[in-house]
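Each ligand, and each atom within it, is numbered from 1 in the order the structure gives.
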Amino acid sequence: MSDLLQLSAVDARAALDAKEITATELTQSYLDAAVQTEALNNYVQLTHDKALEMAAASDARLRAGTAGPLEGIPVGVKDLFCTEGVETTACSAILKGFVPPYESTVTSKLWADGAVMLGKLNCDEFAMGSANETSVFGPAVNPWSQSDGPDLAAGGSSGGSASAVAAQSALLATGTDTGGSIRQPAAFCGVVGMKPTYGRCSRWGIVAFASSLDQAGPFARTVADSALMFSSMAGFDAKDSTSTNSPLPDLASAMAAGVKGMKIGIPVEYQRDGMDPAITKLWEQGQAWLTDAGAEMVPISLPHTAYALPCYYIIAPAEASSNLARYDGVRYGQRIEEGGTLDDMYEASRAAGFGEEVQRRIMIGTYALSAGYYDAYYLKAQKVRRLIRNDFDAAFAGVDAILTPATPSAAFPLGVKQDDPITMFLNDVFTVPANLAGIPGMSVPAGLSSDGLPLGLQVLAGAFYEDKMYQVAKVIETQSGFSGAPQRAAGRAHS
Ligand code: GLN
């Protein structure tokens, strides 16, 4: 059965249509794989019975000739997406026991297209973190960890999604990206992670972190699978006031087109001191691949890059402090009665329900928004955000896409950065600007570090030009010949 796990979603879809395999067989293989790789802690809940029911319905539609574009494809869902009747915790104690009475728009769209839900995936608490270590369920583990070495971070916040797709315990997975939470874990685990243009995927029914930055996106093992899943997730939704209805570009043609004649921007500011030399080398290699394929490399400047992280770490906590005010022990999840007054109850519930990192963000955000500090911090950060957006607008006037490293390092061992929020925040240095500017970004696995760990290249494009991004990503995938074969993947665990 383990060879079923090797199929890409595109190939599995064709095999289902050709009646070579059934959705039930495919789903069963993934459920078995998830159990077999349980030690990676990437699922917080396996929805075994629901998965098999959905697979049986898929098989019926396949037989009836009414199959959808994702019919029978097993998908894992980050535990930040509300799933009707299935506990949704955002990996926080405060939401334990919360069973949403509705389904998020993005996951509804996946099920409407025939996808099968495998279960809920681990993530950082309220998506705040870069190593999945703030989860109340403990961290997801990177399947590239060697059996005789330390457990490595899968990245975060969508660590469970990246770990499961790499470990072959999910064929596809949903993620969310506020400052890098899809692209950084994808790079760490050697899979393809894509953050769409802000507004492409509805935020309705996704637990909010920082609403002006949050965006859902796909995790996949190949660029074509990523495009397939994205096409299903995206689309206008009247229930999200920031949803856009500009039509999705033709990704299939883009992926077939090659990059001949394209101009690719190489931002000088992304060459950082102290960066792993393997990453600099891979970045140069990526430029060589694209040049060989007929693209022209153009040095560009994004002068406000250095301000992106400080700006993000004002705006994101400010929005989070406002979004998280709703967890008051009254309407959702855990309530701790102590002291006798309503305020005492709020305080006790929030103190017990939120982990340390979430409390830190709430405090930073509340401070930045308070009278007297608002102008100095929040308003200033908003102005800087505009300058960062302007940098990209100016750059995209002259180039079709931008190529950068995805992360400043490969996956690090779990635990090493836990006590140092600043080094943890530095993980997002290459990914945060895209969220601030609202543009799409994609991390494509392209090579290995000196320790044999995956490294990703990031492709950025102008808002609503995901096609150009996929165009470049496809060439990188082909040229790099990267093959994801982590030691602790399900397909390999018994060999
Ligand atoms: N690592 C970043 C943070 O901790 C980004 C998280 C995200 O994109 N959700 O805020």
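Ligand 1 has no atom lying under 4.0 Å from any heavy atom of Ala316. Look at Glu357 and you'll find every heavy atom at least 4.0 Å from all atoms of ligand 1.
A ring-centre distance under 6.0 Å is not found for Tyr312 and Phe425. For an aromatic pair to be called close, the ring centres must be under 6.0 Å apart, and Phe81 with Trp204 fails this.
With Leu414 as the partner, the side chain to side chain contact (heavy atoms under 4.5 Å, CB included) test is satisfied by one option alone out of Pro150, Ser145, Pro139: Pro139.
Residue Phe425 does not touch ligand 1, judged by heavy-atom distances below 4.0 Å. Under 4.0 angstrom from ligand 1, the non-hydrogen atoms of Tyr313 all belong to its side chain. Residue-level proximity to ligand 1 for Lys78 is absent, since no heavy atom of it falls below 4.0 angstrom.
Ligand 1 has no nitrogen or oxygen under 3.5 angstrom from a nitrogen or oxygen of Phe209. Checking only distances, Thr176 never comes within under 3.5 Å of ligand 1, N or O to N or O. Residue Asp177 places no N or O, backbone or side chain, under 3.5 Å from any N or O of ligand 1.
Taking every heavy atom of both residues into account, Leu324 and Met128 meet most closely at CD2-CE, 4.0 Å.
The shortest contact between atom 5 (C) of ligand 1 and any protein heavy atom is with Tyr312 OH, 3.3 Å. Looking at atom 7 (C) of ligand 1, its nearest protein heavy atom turns out to be Ser181 OG, 2.4 Å. In terms of protein heavy-atom proximity, atom 4 (O) of ligand 1 is nearest to Arg361 NH2, 2.7 Å.
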Inset, instruction - Start with the C-alpha gap between Lys468 and Asp400, add the side-chain angles, then the distance that decides, and say whether salt bridge (charged side-chain N to carboxylate O under 4.0 Å, His left out) holds. - result: CA-CA 7 Å; Lys468 293 191 180 183; Asp400 298 290; 3.0 Å; yes
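Side-chain polar atoms of Ser243 and Asp237 form no donor-acceptor pair below 3.5 angstrom. In summary, the side chains of Gln184 and Asn427 do present a donor paired with an acceptor at a separation below 3.5 Å, with no hydrogens or angles considered.
When Leu80, Val432, Asp428 are checked for heavy-atom proximity to atom 2 (C) of ligand 1, Asp428 turns out nearest. Nearest residue to atom 1 (N) of ligand 1 from Gly179, Ser130, Gly156 is Ser130 (criterion: closest heavy atom).
A cation-pi arrangement is present between Lys417 and Phe412, with the terminal nitrogen or guanidinium carbon under 6.0 Å from the aromatic centre and inside a 45° cone about the axis.
Classification of Lys380 and Asp375 as a salt-bridged pair fails, no side-chain N sitting under 4.0 Å from a carboxylate O. Using a 4.0 Å cut-off between a side-chain N of Lys or Arg and a carboxylate O of Asp or Glu, Asp428 and Arg183 do not qualify as a salt bridge.
Close contacts of ligand 1 with Ser157, meaning ligand atoms under 4.0 Å from a residue heavy atom, involve 9 (N). Close contacts of ligand 1 with Gly129, meaning ligand atoms under 4.0 Å from a residue heavy atom, involve 1 (N), 2 (C), 3 (C), 4 (O), 6 (C). Close approach of ligand 1 to Ala127 (heavy-atom distance below 4.0 Å) involves ligand atoms 6 (C), 7 (C), 9 (N).
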